[in-house]
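First comes the structure, then the notes that go with it.
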Amino acid sequence: MTTADTVLTRPRVLASGGLTTLRRQPLIAVFTVMVLVFQLSTGSFLDPANLRGIATDAATLAIVAVPAALLVISGYLDLSVGSTLALGGLVGGWLAGQGQPPVVAVTGALAAGAAVGAVNGLLCCYFGLSAFIVTLGMLTAVRGLAQQLFPLPLSGFGTGFAWLGGARIAGVAAPVVVAALVPAAGALLLALIPPDGTSSPSASTGKPPTSPASTFAVPPSHCS
């Protein structure tokens, strides 16, 4: 192939690759159009201050979306995510209001969410109940539990706990940094656990190593 042929062919290859990407990821085009419309209609959508505000506001949703996406990828769903998020936040806020350090408050919030998730997983996988029914009931139950435990608004969290929402790390808001780390952790988990649940054979033994998910694996007959 001559240099002229290469010059003529390369744009076609790039265009074909771009169309393939759009077919596989149509939300990229939708997102681009939305950004253009918002920028043209407001004139300030792409301003740095506005983008920082959007990133901070969307940080919580981004954090919650990652485990929810992992559930959908595995063939399940969880309708109790919002109630679980509320319960975890209330537990963390209550612990902070009692004078506990931020590490204890965050650990308590994570423990509350993990407890709800453990109950959902037990009922769905080991007892074979419908994930839709279980998590729909858990949505109402956890919301009621949160309202009973914390009927009044919480306050007085202290400066240490406020750091989680107001601090900046290298000029970036702390919630945005956390929201960036959580998808990275989710991607790493997906990379460690292939879709078929097995790993490549070990180079030293030639035997397939134990899947990272084998500790949590449930026989197919118990999960629907």
Side-chain angles (χ1 to χ4, degrees), residues 34 38 42 44-72 76-124 131-189:
M34 290 177 60
F38 292 154
T42 64
S44 59
F45 181 78
L46 294 177
D47 288 354
N50 186 57
L51 294 179
R52 285 195 297 267
I54 293 175
T56 302
D57 292 340
T60 302
L61 180 60
I63 294 171
V64 175
V66 171
L70 293 177
L71 276 175
V72 173
Y76 289 89
L77 79 164
D78 188 353
L79 301 178
S80 63
V81 171
S83 297
T84 304
L85 174 65
L87 178 63
L90 288 170
V91 169
W94 179 80
L95 289 173
Q98 299 300 309
Q100 298 295 333
V103 173
V104 176
V106 172
T107 302
L110 294 176
V116 176
V119 174
N120 284 337
L122 182 67
L123 294 176
C124 293
F132 179 85
I133 299 300
V134 169
T135 58
L136 180 62
M138 191 64 70
L139 180 153
T140 304
V142 173
R143 178 185 297 174
L145 176 63
Q147 292 176 342
Q148 289 296 321
L149 293 177
F150 309 101
L152 300 176
L154 301 176
S155 60
F157 303 134
T159 57
F161 191 78
W163 179 91
L164 293 173
R168 291 188 174 276
I169 302 174
V172 182
V176 179
V177 175
V178 176
L181 294 176
V182 171
L188 178 61
L189 179 63

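As a basis for the values below, the full set of heavy atoms in this structure was taken, side chains included, without hydrogen atoms, waters or symmetry mates. When a residue number appears, it is its place in the shown sequence, counting from 1.
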Measure the spacing between [atom1] of [X] and [atom2] of [Y] and express it to the nearest 0.5 Å.
X      : Y      : atom1 : atom2 : answer
Thr140 : Leu145 : OG1   : CG    : 12.5 Å
Leu85  : Ile63  : CG    : CD1   : 9.0 Å
Ser44  : Asn50  : OG    : CG    : 6.0 Å
Leu90  : Phe150 : CG    : CZ    : 5.5 Å
Met138 : Thr84  : CE    : OG1   : 7.5 Å
Arg168 : Arg52  : CZ    : CZ    : 6.0 Å

Test item: Thr135 side-chain N/O and Asp78 main-chain N/O as donor-acceptor pair under 3.5 Å = no
ask   = Judged by atom type as modelled, is there a donor-acceptor pair below 3.5 Å linking the side chain of Thr42 to the main-chain atoms of Phe45?
value =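 Side chain of Thr42 to backbone of Phe45, a donor-acceptor pair under 3.5 Å: yes, one is there.
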query = Given side chains that start at C-beta, do those of Asp47 and Leu51 come closer than 4.5 Å, heavy atoms only?
reply =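 SC-SC contact between Asp47 and Leu51 ruled out.
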task = Any chance you could lay out the side-chain contact (heavy atoms from CB on, under 4.5 Å) test for Leu77 and Leu71, step after step, and finish with the verdict?
result = CA-CA 6 Å; Leu77 79 164; Leu71 276 175; over 6 Å; no
Residue pair [X] / [Y]: nearest heavy atoms and the distance that separates them:
X      : Y      : value
Ala59  : Pro175 : CB-O, 3.5 Å
Ser80  : Val116 : OG-CG1, 4.5 Å
Gly186 : Val66  : CA-CG1, 4.2 Å
Ala173 : Thr56  : CB-OG1, 3.8 Å
Ala131 : Cys124 : CA-SG, 3.5 Å
Ala180 : Pro183 : O-CD, 3.5 Å

From CA spacing to verdict: side-chain contact (heavy atoms from CB on, under 4.5 Å), Leu123, Val119 = CA-CA 6 Å; Leu123 294 176; Val119 174; 4.0 Å; yes
